[in-house]
Colleague: 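Dropping a structure here in structure tokens format, bear with me for questions.
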Amino acid sequence: MFDKWLIRGDSLENVERDGTVAGFRFACRIADYRGCILSLHNGYYIEVDGTVYPREVQRFQVNGKPPRSFEEIKTCISEHWDFDDEGIVYVEAPGGLGPGVHRVGFQQSILSSYGYMPTDEEWIRNPPVPGQGAGAGKTEQICYYELELQKETAKL
């Protein structure tokens with residue numbers, strides 16, 4: 001439903017750490033009009049130009065806090081990500097992305113925040129892998145975007 005607004009179109013940029021391009025980042029919004037308790041935020045399916053970047057190389061920044069891994073985020077039981085607040089997704093990718101337009105595949109994995117689902121207890125122990133459909137919430141399909149890499153490089 002919110003697919004075309006999940007990633008801000010002018011937000012794709014490389015990230016520099018200690019003088020070296022260490023990856024890239026982009027701004028996103030949550031697909032759920034209720035927002036979510038941050039601990040239910042399970043990561044993303046991210047594919048850029050055919051390369052898939054798993055949850056383990058992703059970091060997420062929201063609420064004015066520094067980028068965190070999803071292992072850290074799953075302990076944030078009293079922090080909320082509100083609808084229409086932008087989060088920043090960081091992806092570790094040595095050398096970052098080359099200049100030009102990139103095809104970005106994106107799917108959120110945010111576990112259900114209400115009701116009881118038979119998978120709830122299992123997903124707490126073993127969260128679903130983003131991109132497999134399970135836990136996709138309001139982004140049932142992988143969404144694809146054509147994003148141009150911005151000329152500026154962010155510092156981390």
Colleague: Shortest non-hydrogen contact from E86 to A27?
Modeller: OE1-CB, 3.5 Å
Colleague: Listing request: all ring pair (Phe, Tyr, Trp, His ring centres under 6.0 Å) pairs with a residue in residues 6-25, at least two apart in sequence or in separate chains.
Modeller: F24-Y53
Colleague: Distance check, rounded to the nearest 0.5 Å: L40 atom CG versus C76 atom SG?
Modeller: 11.0 Å
Colleague: Nearest 0.5 Å please: distance from the CD1 atom of I88 over to the SG atom of C28.
Modeller: 7.5 Å
Colleague: Answer yes if Y145 and V101 sit in the same cluster of Ile, Leu, Val, Met, Phe, Trp and Tyr residues linked by side chain heavy atoms under 4.5 Å apart, and no otherwise.
Modeller: no
Colleague: Taking all non-hydrogen atoms of both residues, which atom of A22 and which atom of R17 are closest, and how far apart?
Modeller: CB-NH1, 3.8 Å
Colleague: Strictly under 6.0 Å, is that where the ring centroids of F83 and H80 end up?
Modeller: no
Colleague: How many angstroms lie between atom CD1 of I110 and atom CD1 of I30, to the nearest 0.5 angstrom?
Modeller: 3.5 Å
Colleague: Between K65 and E72, does a salt bridge (Lys or Arg N to Asp or Glu O under 4.0 Å) hold up when you go through it step by step?
Modeller: CA-CA 12 Å; K65 298 190 177 176; E72 293 172 285; over 6 Å; no
Colleague: Start with the C-alpha gap between R68 and R59, add the side-chain angles, then the distance that decides, and say whether side chain to side chain contact (heavy atoms under 4.5 Å, CB included) holds.
Modeller: CA-CA 5 Å; R68 296 172 273 180; R59 301 288 177 268; 5.8 Å; no
Colleague: With a 3.5 Å distance limit and no angle check, can you tell me whether Q108 reaches the backbone of R29 through a side-chain donor-acceptor pair?
Modeller: yes
Colleague: Find the distance between CG (N42) and NZ (K74) and round it off to the nearest 0.5 Å.
Modeller: 8.5 Å
Colleague: Anything under 30° is parallel, anything over 60° is perpendicular, the rest tilted; go ahead and classify W81 against H41.
Modeller: tilted
Colleague: Looking at L97, I46, T51, which one forms a side chain to side chain contact (heavy atoms under 4.5 Å, CB included) with V91?
Modeller: I46
Colleague: Could you tabulate the donor-acceptor pairs under 3.5 Å formed by side-chain atoms of residues 149-156, not counting sequence neighbours?
Modeller:
| residue | atom | partner | partner atom | Å |
| --- | --- | --- | --- | --- |
| Q150 | NE2 | E148 | O | 3.0 |
| K155 | NZ | E16 | OE2 | 3.2 |

Colleague: To the nearest 0.5 Å, how far apart are CZ in R25 and CG in L12?
Modeller: 10.5 Å
Colleague: Please test V52 against E47 for side chain to side chain contact (heavy atoms under 4.5 Å, CB included), starting from the C-alpha separation and ending with a verdict.
Modeller: CA-CA 4 Å; V52 175; E47 173 190 342; 4.3 Å; yes
Colleague: Same hydrophobic cluster for V21 and V57, using side-chain heavy-atom links shorter than 4.5 Å among ILVMFWY?
Modeller: no
Colleague: So V48 and F26, side chain to side chain contact (heavy atoms under 4.5 Å, CB included) or not? Walk me through it.
Modeller: CA-CA 12 Å; V48 180; F26 56 86; over 6 Å; no
Colleague: Rounded to the nearest 0.5 Å, what's the gap from CZ on F70 to CG on L38? Could you check?
Modeller: 8.5 Å
